[in-house]
2 protein chains.
Amino acid sequence: MRKASSPGTASGATVHEVARVAGVSAATVSRFLNGTAKVSDEKRKAIESVIDKLNYKPNVLAQNLKTGSSRTIGVLTQSLVSGYFADAMAGIDDVLQGTGYAPLIVSGHWHADEEAERVELLIARRVDGLVILSGKLKDAQILKLAQRVPIVAFGRKLDGPQAYGFSLDNYWGACEAVEHLILQGHRQIAFIAGPPDHQDAQARLAGYRDTLKKHKIKESAQLLVDGDFSESGGLLAVERLLESGRRFSAIFAANDLTAYGARLALYRRGIRVPDDISVVGFDDLHSSMYTTPPLTTVRQPLFDVGRCLGKAIVRMIGQEPLDLEVPQLSLMVRESVRRIP
Amino acid sequence: MRKASSPGTASGATVHEVARVAGVSAATVSRFLNGTAKVSDEKRKAIESVIDKLNYKPNVLAQNLKTGSSRTIGVLTQSLVSGYFADAMAGIDDVLQGTGYAPLIVSGHWHADEEAERVELLIARRVDGLVILSGKLKDAQILKLAQRVPIVAFGRKLDGPQAYGFSLDNYWGACEAVEHLILQGHRQIAFIAGPPDHQDAQARLAGYRDTLKKHKIKESAQLLVDGDFSESGGLLAVERLLESGRRFSAIFAANDLTAYGARLALYRRGIRVPDDISVVGFDDLHSSMYTTPPLTTVRQPLFDVGRCLGKAIVRMIGQEPLDLEVPQLSLMVRESVRRIP
DNA sequence: TTGAAAGCGATACCAG
DNA sequence: CTGGTATCGCTTTCAA
């Protein structure tokens, strides 16, 4: 019976074959491969030549078993189709390049149970580290998970032996946005909120409120409407806003998607942006540069966040100091806000 | 005394420990776990109870080595941040759920060399199958790769022993779009092309041309401008179009991003859509439902494509017949096209 | 520096 | 039905 290729792979040689042909021991080949110890020039050459004669590639599966590590980083995102998370994943992917780690991406769909389940899957696959992008898991759960695997999280402050998390200053960002509106002469500023149970959404709401207060502008219940971080939420919100009859000159949407929906609702009613109503968003998705008009919004540097997370997890795994520069929010002034004389 | 976890993992028990405690052999435990053979009720119970007393989880790494399979599907995409590809990945992820396969995603960034390199990485990690989303690899290269691992591809027709690929009928889609425009009374239809070396872009261009011809509308060189599938390309294209002085009542953009850019260029010049100029896109990205006005476009059902690819690769790995229902393009009529009397 | 040999943890063949 | 045992391919003591 042929030993032949088991289903699929046109496998290659093994360390032993390489060793045999090169006239050395498997151990030496391994040492050469990993630079674990010095190998004499003579043997080194022999090994090198045999390796590429046989086109030898080490079997990662065997390495994994032996070392107990999969050279894999688990990434828990909330949505595969969100431009927001996509940017962060691209950043992670970018820094992981060339480190020997590959990202294993799963999505929790903003559902704590699902997240927990996916994380277990990741751990079962022996990921060496975990990056958690937002989500509904409790900090306590994450800290507990961190006893089993190093974790870096975005969207929550965390600091433990094997856990680290940071978020951007959403409160500050919201303040900036509202300040900008006020500086441009707006006083009647509506706010379309995000999901009430979402930390970032809460911070943005607080920023809105406090900035109004700071400028002695009275908050109006009618100008504060619910949204859900989606376009349809923004659309509905503006309809409600308009129906209320309450006047306003600007809308601050809790995120860009909401702003898109709001913008469409305005368009439907023939209300011009920014001539009649100004709009500000939050996130700075790629498309926000190309909406009509281009959207003024608070930029979340998600790609850099991703890079930062990637670096962090690799360092944490390597037991090195994290030593991070967390990227910051910034206001992108474009054309969706009008100056009121 | 505990076995003192090796670096990192709070590992668990092994089959052997389970076997010992349950008073059976490791082989039996394995058989029970995999349902490879019948196990007496008595032993089954013993094993079950020990398993959850010890909270035993099989070590995937060991399984991988032994079985030679990583239960992983490599996915080669071209961009992690493109809504287009993201949808497909979500579809793949969706069908893979519960199959025991996890997707390992890498990006080739539309660069043949990079794609080839990433694919090698994937193969080195012993993926059981490969899904290739578009890209610049030659069909021949893919067929060759397919000798080493089963491959399913999107964006090219392929049919080999271990390879299968399909694309959607971009030509047909483009015809539909242009037909629609013509049916609405448009005769001067501009086309913003995609990258000339991109298959889909070529098909869309051909569809545009042939449909014009079919309706005896003379093609004008001035109405045919270059683009690159990006917003900025669309923006530039419209500027050139406008400068040419040639009149036109509609623009067919080779994809939605291009349409976004075109739309902004129009906006900048104070040209209304669809009142002055109608616009049609291709892809139907999520945001296209919320542009102002909502974009009429040819829908690519990428999520379903992803599901289809996922199913295909799993079946191919399992040596089952593929038996696929390839999803189809469809025209989404929204509000960016005006009827000309 | 180098080699022999002992596993990593699970699976599967071969007897019984 | 069940147990013993070899094995997957590599890494890593331990001695030399």
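Below, each value reflects all heavy atoms present in this structure, side chains not excepted, and no hydrogens, waters or symmetry copies.
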Length of the NZ-C1' vector between B:Lys45 and D:dC1, whole Å: 17 Å

A:Lys57 vs B:Thr28, nearer the 5' end of DNA chain D by closest nucleotide: B:Thr28

Side-chain (B:Gln78) to main-chain (B:Leu133) donor-acceptor, under 3.5 angstrom: yes

Touch class at under 4.0 angstrom, heavy-atom based, for A:Tyr56 against every strand present: sugar-phosphate

Check: B:Ser70 side chain, B:Arg126 main-chain N or O, donor-acceptor pair, under 3.5 Å: yes

Helical bend (five base pairs per end, nearest 10°) for the helix from C:dT1-D:dA16 to C:dG16-D:dC1: 40°

Value in whole Å for how far the C1' atom of C:dA10 lies from CZ of B:Arg71: 15 Å

Listed partners of A:Ile142 passing side-chain contact (heavy atoms from CB on, under 4.5 Å), at least two apart: A:Ile132, A:Leu137, A:Ile151, A:Arg156, A:Leu158

Shortest side-chain distance from A:Ser25, nucleotide among C:dT11, D:dG9, C:dG3: C:dG3

Would you tabulate the pairs of protein nitrogen or oxygen atoms and nucleotide nitrogen or oxygen atoms of nucleotides 5-7 of chain C closer than 3.5 angstrom?
residue: C:dG7; atom: N2; partner: A:Lys66; partner atom: NZ; Å: 2.8
residue: C:dG7; atom: N3; partner: A:Lys66; partner atom: NZ; Å: 3.2

Donor-acceptor under 3.5 Å (A:Asn34 side chain, A:Thr36 main chain): no

Expected output: side-chain B:His198 to main-chain B:Asp200 donor-acceptor under 3.5 Å: yes

Straight-line distance of A:Glu117 CD to B:Gln97 CD, nearest 0.5 Å: 7.5 Å

D:dG9 OP1/OP2 closer than 4.0 Å to side-chain N/O of A:Thr14: no

Value in whole Å for how far the C1' atom of C:dG9 lies from CG of B:Leu33: 12 Å

Nucleotide D:dG9, atom C1' - distance to CZ of B:Arg126 in whole Å: 9 Å

Positions of residues 34-43 of chain A (non-hydrogen atom under 4.0 Å from DNA chain C), listed by number: A:Lys38, A:Val39, A:Ser40, A:Lys43

Integer-rounded Å distance: C:dA10 C1' and A:Asn64 CG: 15 Å

Distance in Å, B:Ile317 CD1 paired with B:Arg315 CZ, rounded so as to fall on 0.5 Å steps: 12.5 Å

Throw together a table of side-chain donor-acceptor distances under 3.5 angstrom for residues 43-58 of chain A, partners on residues two or more places apart or in other chains.
residue: A:Arg44; atom: NH2; partner: A:Val39; partner atom: O; Å: 3.4
residue: A:Ser49; atom: OG; partner: A:Ala46; partner atom: O; Å: 3.3
residue: A:Asn55; atom: OD1; partner: A:Lys57; partner atom: NZ; Å: 3.1

Short side-chain N/O contact from B:Gln63 to OP1 or OP2 of C:dT11, under 4.0 Å: yes

5' precedence on DNA chain C between A:Leu65 and B:Val29 (nearest-nucleotide basis): A:Leu65

Residues B:Lys138 and B:Glu115 bridged, charged N to O under 4.0 Å: no

Set of residues satisfying salt bridge (charged side-chain N to carboxylate O under 4.0 Å, His left out) with respect to B:Arg118, sequence neighbours excluded: B:Glu114

Rounded interatomic separation in angstrom, taking CZ from A:Phe32 and C1' from D:dT12: 18 Å

Check against salt bridge (Lys or Arg N to Asp or Glu O under 4.0 Å), B:Lys311 and B:Glu320: CA-CA 11 Å; B:Lys311 271 184 206 156; B:Glu320 298 162 40; over 6 Å; no

Neighbour count above 12 (heavy atom, 6.0 Å) for B:Glu325 CD: no

Atom pair distance, as rounded to whole Å: CG in B:Leu61 and C1' in C:dT11: 15 Å

Shortest side-chain distance from B:Arg31, nucleotide among C:dT11, C:dC13, C:dA10: C:dC13

